Each structure stands twice: as C-alpha cells, then as structure tokens.
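Here the structure is a predicted model, which is why all the values come from computation and not from measurement.
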Amino acid sequence: SALFLPFQSLGLIICDEEHDGSYKQQQPSPRYQARDTAIYYATQLKAHVLLGSGTPSLESYYHATQGKYGWVAIKERYGAGQLPTMEVVDTKPLYKLAKEKVALSPPLLEAIGQSAEAGRQVILFQNRRGHTPHHVCSTCGWIPHCRHCDVSLTYHKFKHRLQCHYCGTLYPVVERCEACGSTDFMKLNFGTERVEEQLQELFPALRIARMDYDTVSGKTAHDQLIRQFEQHKIDVLVGTQMVVKGLDFEQVNLVGILDADGLMNTPGFRVNERAFQLMEQVSGRAGRKDATGKVLIQAAQTAHPVLSFVKAHDYEQFYAFELEGRKKFSYPPFTKLIQVLVKHRDKAQADAAIRFFYDCLQPAYGNCIVGPAAPSVERVRNQYLMELLLKLPRDARVIKEVKQTLLDTEVKLKQLQGLKNTVVVLDVDPL
C-alpha cells in the first residue's frame with residue numbers, strides 16, 4: 001500500500017523479504033504483485049529498487065542470473081554466526097504405531113527438554129491452525145463439511161466449535177455421524193492448538209504460547225507476544241507462518257518443523273519453492289547469536305529432493321533443480337501466467353461461463369490454455385468456481401493482445417442470458 005503514497009522525489013524502494021507471498025494482492029481488487037509494481041513504478045520515476053531475501057523468488061533470482069538485475073550475494077551470517085544443523089526425523093514408524101500423524105516425535109521431545117535445561121527457547125512451526133483439521137467418523141469415514149464451501153471443518157478446542165477456514169462459519173461440534181449414526185470420531189492430523197495442548201501436558205513447567213490467526217487478532221496482540229518472547233517470558237512458541245517472518249531472538253537454539261509433508265504436498269506449481277522458503281526461513285530463527293542452532297524436520301517423505309536442499313542450506317542447487325521443472329512444464333520465469341476464474345451460484349452457469357471464455361480464446365491461443373477445470377476447492381461461500389490458465393510467451397505484444405481479448409470477452413459474457421451475474425476474476429501472475 002506504500003506504493004500509492006503521493007511521493008514527490010522518490011529515489012529508492014526497498015522490498016525486504018521480496019519472495020514473500022503477501023506481496024501479492026489477491027482479495028479484493030486491484031490484484032497486483034507489489035514487488036513487480038515497485039519495479040515498474042521505479043522505472044517511471046527513475047528510482048532504484050533493492051530486493052532483499054535469504055531465499056529469493058525463482059523469478060527474481062533468474063533475472064539476476066540473466067543480468068537483468070544487479071546481484072550481490074552475502075555468504076556469511078551477520079555477526080559471524082553459524083548456520084543451524086539440520087536433522088530429518090522419519091515419522092513413518094511413528095504413524096504405524098499411533099495410526100495417526102504424530103505431532104511431537106521422541107527426538108523432538110528430547111531436544112525440547114535439553115533446550116529447557118539449558119535455559120534456551122524453542123520455536124515449533126506447524127502451518128495449520130486450530131486443534132484438529134479432520135474430524136472423521138471411525139466407522140464409515142464421514143467428515144463434517146461446511147454448508148457453504150466444499151471443505152472439511154477444523155475443530156477449535158478453545159471455542160469448542162468446528163470452523164470453516166474459507167468463509168469463517170462456526171458450527172457446533174458433531175457428536176453423531178450424519179451418515180451412519182456412529183458416535184465414535186477420530187482426530188486426524190493436528191493444528192497449532194493441539195500441539196500447544198500436548199506440550200502443556202508433557203512439559204507442565206514450561207511457559208508455552210501460540211502465535212497464529214486465532215491468538216493475535218487484536219491490534220496489539222502480535223507485538224505483545226513478540227515482546228514477551230524477547231524478554232524470555234515464554235519458553236516455547238508454537239506458530240504458523242507468523243513465526244517465519246524475520247523474527248530475531250537471541251535465545252532460540254531449537255526449531256521444530258512439525259509437518260514438512262504438509263508443506264511439500266499443497267496444490268500449485270510453486271509448492272517446492274514455498275516449501276523450501278518456509279523451511280529455510282524458519283530454520284534461520286535458530287542460533288542467531290552465540291551458539292549453533294539445531295533444526296528438526298519431521299517428515300514421512302524423507303527422500304523428497306526439497307529436504308536434501310534444505311538440509312544443506314543449498315539455494316543454488318534448489319534453484320537449478322526447480323528451474324529445470326519450470327522450463328519443462330512452461331511455468332514462470334519462462335512464461336507469463338493469467339488465470340481466468342469465474343464464480344456463479346449455479347454450477348451449470350459457472351461451467352457455461354468458463355466454456356464461453358475457452359471458446360473465445362481457443363482459436364488464437366489454444367496452445368497456451370490449460371483447462372478449463374474446477375479448482376481444488378470447487379465451491380466457496382455458495383458460489384461454484386471454474387478456472388482456466390493461460391501460459392503465455394514473455395512477449396509484451398502477445399500479452400497486451402490477450403489482456404484486451406479477455407476484457408472484451410468479459411463484456412460479451414455479461415450480455416448473455418443467464419450469465420450476466422457471473423463474477424469474473426482475471427488474475428495476472430496468480431500465486
């Protein structure tokens with residue numbers, strides 16, 4: 001939002017942590033990538049731009065290696081600190097014993113105990129909030145779903161409610177299965193609330209706090225929590241991506257990444273990039289001053305290539321590996337993506353709307369189209385979603401033509417009987 005201030009003589013724009021997904025404005029309009037907007041803005045004003053990151057976005061690093069950007073590499077940690085040691089804990093044997101995902105493995109519990117004895121602090125990273133993401137009938141496998149969205153409900157123990165993380169609707173806890181009538185439910189997977197609960201049971205003497213959307217929603221709650229952790233009034237901090245965001249705590253010597261599999265198996269072509277960035281960034285919270293930190297990564301997919309790059313703190317090797325895949329399947333930085341997303345309360349109308357876009361685009365740009373198809377979550381807030389993706393060559397003339405075609409097609413769509421209420425979202429460089 002700082003980009004829209006009325007500057008008179010702007011000379012420098014600094015985008016710290018330029019890889020971060022929060023630079024991308026998604027809802028509401030206008031949709032833009034603030035980092036790229038800053039670069040464009042600077043060219044208009046003849047200003048300089050400084051992009052900073054320990055795990056650069058693939059596009060920025062590619063532009064640097066191609067000579068489009070200047071590039072300075074800092075190979076040493078500030079204050080001559082050492083990078084933390086990395087260890088992967090195989091959770092497959094634990095799953096076979098417990099018949100469910102284990103939040104805290106024995107090696108991690110032992111390391112937490114050692115840190116506590118040494119008077120040091122611990123950060124545990126789990127990218128799911130709530131207590132139990134999946135509340136499953138143990139008899140027939142039925143899972144409570146949101147009435148307005150095609151997603152399962154997450155159990156929040158503090159509220160004692162089931163909640164949809166897409167529309168925010170709260171539901172009473174289901175005691176009886178709607179499919180078979182059973183009252184026996186299993187709790188699959190775990191969120192930050194459940195991790196906090198288990199830690200309090202296992203380490204009653206430790207001061208444990210949670211940092212996620214549910215605990216820092218107040219205006220000053222986030223700052224207060226960080227201040228308490230800085231003053232060592234908290235021994236163990238459990239959190240979502242909030243604990244990754246550039247925090248600098250001297251006393252943290254242990255970081256636990258509780259579910260690396262969840263990071264490496266989300267939908268989207270950037271999944272490997274995001275997983276590497278999140279794990280490398282959160283590991284950087286350990287051992288920042290006078291001692292070597294330790295990072296324990298819990299994963300069942302121990303042979304996943306991203307884990308080997310994270311263990312070695314090797315961004316260059318990760319970049320080479322990921323760039324090869326992007327080139328093979330025509331993704332950025334080799335192409336420009338534009339997503340067409342339509343929303344309608346009637347599924348048939350949503351299908352008809354996306355088909356109309358496809359028919360208008362196909363003659364000229366058929367080789368560039370992926371889809372149409374339903375996204376991984378097909379219905380949100382009682383609206384059905386359909387999408388198609390355009391993978392365009394990085395040619396300014398072609399991109400300008402396609403943008404104009406899309407705008408013209410949207411105007412034509414709104415004139416069709418039954419489709420004028422269709423919501424159309426045109427998103428350049430979708431996440």
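Using a 4.5 Å heavy-atom cutoff, the side chains of Ile399 and Val428 are not in contact. Within the 4.5 Å cutoff, the side chain of Leu51 has no heavy atoms near those of the Pro56 side chain. Here the side chains of Val411 and Gln415 are in contact, with some heavy-atom distance below 4.5 Å. No side-chain heavy atom of Thr405 sits under 4.5 Å from any side-chain heavy atom of Cys360. For the pair Cys15/Tyr23, a side-chain contact is recorded, criterion being any heavy-atom separation below 4.5 Å from C-beta on. When side chains are defined from C-beta on, Leu263 counts as touching Phe125, because their heavy atoms get closer than 4.5 Å. Side-chain contact between Val252 and Leu237 is absent, with no heavy-atom pair separated by less than 4.5 Å. Side-chain contact between Val295 and Val310 is absent, with no heavy atoms from C-beta onward closer than 4.5 Å.
In this structure a side-chain-to-backbone donor-acceptor pair under 3.5 Å is missing from Ser60 to Ser57. Looking only at distances, a side-chain donor or acceptor of Gln25 sits under 3.5 Å from a matching main-chain atom of Pro28. Judged by distance alone, the side chain of Arg210 and the main-chain N or O of Val238 form no donor-acceptor pair under 3.5 Å. For Glu387 (side chain) and Leu341 (main-chain N/O), no donor-acceptor pair under 3.5 Å exists by modelled atom type. In terms of modelled atom types and a separation under 3.5 Å, the side chain of Thr169 and the main chain of Cys164 share no donor-acceptor contact. A donor-acceptor distance shorter than 3.5 angstrom exists from the side chain of Gln121 to the backbone of Phe229, with no hydrogens or angles considered. In this structure a side-chain-to-backbone donor-acceptor pair under 3.5 Å is missing from Arg345 to Gln383. A distance-only check finds no donor-acceptor pair linking the side chain of Glu18 to the backbone of Arg35 [under 3.5 Å].
Screening Lys336, Gln33, Gln339, Lys24 against Asp429 for a side chain to side chain donor-acceptor pair (under 3.5 Å) leaves a single residue, Lys336. The one candidate from Arg147, His148, Lys343 that meets the side chain to side chain donor-acceptor pair (under 3.5 Å) condition with Asn382 is His148. For the side chain to side chain donor-acceptor pair (under 3.5 Å) with Asp212, the lone residue among Asn127, Thr240, Thr192 that qualifies is Thr192.
Distance OG1/Thr91 to CG/Leu104: 12.5 Å, rounded to 0.5 Å. Taking CZ from Arg274 and CG from Leu431, the interatomic distance works out to 5.0 Å, rounded to the nearest 0.5 Å. Rounding to the nearest 0.5 Å places CG of Asn272 at 11.0 Å from CD of Gln277. If you take SG on Cys149 and NE2 on His165, they are separated by 11.5 Å, rounding to the nearest 0.5 Å. Rounding to the nearest 0.5 Å places CG of Leu278 at 8.5 Å from CG of Asp20. The line from OG of Ser283 to CD1 of Ile123 is 11.0 Å long, rounded to the nearest 0.5 Å.
No salt bridge links Lys328 with Glu324; every basic N to acidic carboxylate O contact stays at or beyond 4.0 Å. For the pair Lys75 and Glu316, the salt-bridge criterion is met [side-chain N within less than 4.0 Å of a carboxylate O]. Under the 4.0 Å criterion applied to side-chain N and carboxylate O atoms, Asp351 and Lys347 are assigned as salt-bridge partners. One finds a salt bridge joining Glu59 and Arg270 here, because a Lys/Arg side-chain nitrogen approaches an Asp/Glu carboxylate oxygen to under 4.0 Å.
Smallest separation of non-hydrogen atoms from Leu307 and Gln301: CD1-O, 3.3 Å. What you find for Tyr166 and Val380 is that their closest heavy atoms are CD2-CG2, 4.0 Å. Among all heavy-atom pairs drawn from Leu3 and Ala34, the shortest one is CD1-O, 3.6 Å. Of all non-hydrogen atoms in Gly130 and Thr154, the two that sit nearest each other are CA-CG2, 4.1 Å. Considering every non-hydrogen atom in both Phe7 and Ala2, the closest pair reads CE1-O, 3.2 Å. Taking every heavy atom of both residues into account, Ile208 and Phe203 meet most closely at CD1-O, 4.1 Å.
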side-chain contact (heavy atoms from CB on, under 4.5 Å) for Met279 and Val306? Distances and angles first, verdict last. CA-CA 10 Å; Met279 286 191 275; Val306 170; 4.0 Å; yes
Is there a side chain to side chain donor-acceptor pair (under 3.5 Å) between Ser115 and Asn253? Walk through the geometry before answering. CA-CA 7 Å; Ser115 290; Asn253 77 329; 2.9 Å; yes
From CA spacing to verdict: side-chain contact (heavy atoms from CB on, under 4.5 Å), Leu406, Val424: CA-CA 10 Å; Leu406 288 170; Val424 179; over 6 Å; no
Would you please test Leu419 and Gln349 for side-chain contact (heavy atoms from CB on, under 4.5 Å) and show each step? CA-CA 7 Å; Leu419 296 179; Gln349 300 291 55; 3.9 Å; yes
Before you tell me yes or no, could you show the steps for Thr409 and Val340 under side-chain contact (heavy atoms from CB on, under 4.5 Å), namely the whole-Å CA-CA distance, both residues' side-chain angles and the distance that decides it to 0.1 Å? CA-CA 11 Å; Thr409 304; Val340 181; over 6 Å; no
Carefully, step by step, assess Phe269 and Phe329 under the rule ring pair (Phe, Tyr, Trp, His ring centres under 6.0 Å). CA-CA 10 Å; Phe269 74 95; Phe329 295 105; over 10 Å; no
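More than 12 heavy atoms of other residues, nucleotides or ligands shown are found within 6.0 angstrom of NZ on Lys92. Enclosure of atom CG in Asn367 is not indicated, since only 12 or fewer non-hydrogen atoms of other residues, nucleotides or ligands lie within 6.0 angstrom. Surrounding CZ of Arg394 are more than 12 heavy atoms belonging to other residues, nucleotides or ligands, all under 6.0 Å away. Other residues, nucleotides and ligands place more than 12 heavy atoms under 6.0 Å from the OH atom of Tyr365. For Lys414, the NZ atom counts as densely surrounded, since its 6.0 Å shell holds more than 12 non-hydrogen atoms of other residues, nucleotides or ligands. More than 12 heavy atoms of other residues, nucleotides or ligands lie within 6.0 Å of NZ in Lys391, so this atom counts as buried by the packing criterion.
Sequence neighbours left out, the pairs with a member in residues 34-73 that pass ring pair (Phe, Tyr, Trp, His ring centres under 6.0 Å) are Tyr61-Trp71, Tyr61-Tyr315, Tyr61-Tyr319, Tyr62-Phe334, His63-Tyr69.
Glu280 and Thr55 share no side-chain donor-acceptor pair at under 3.5 Å.
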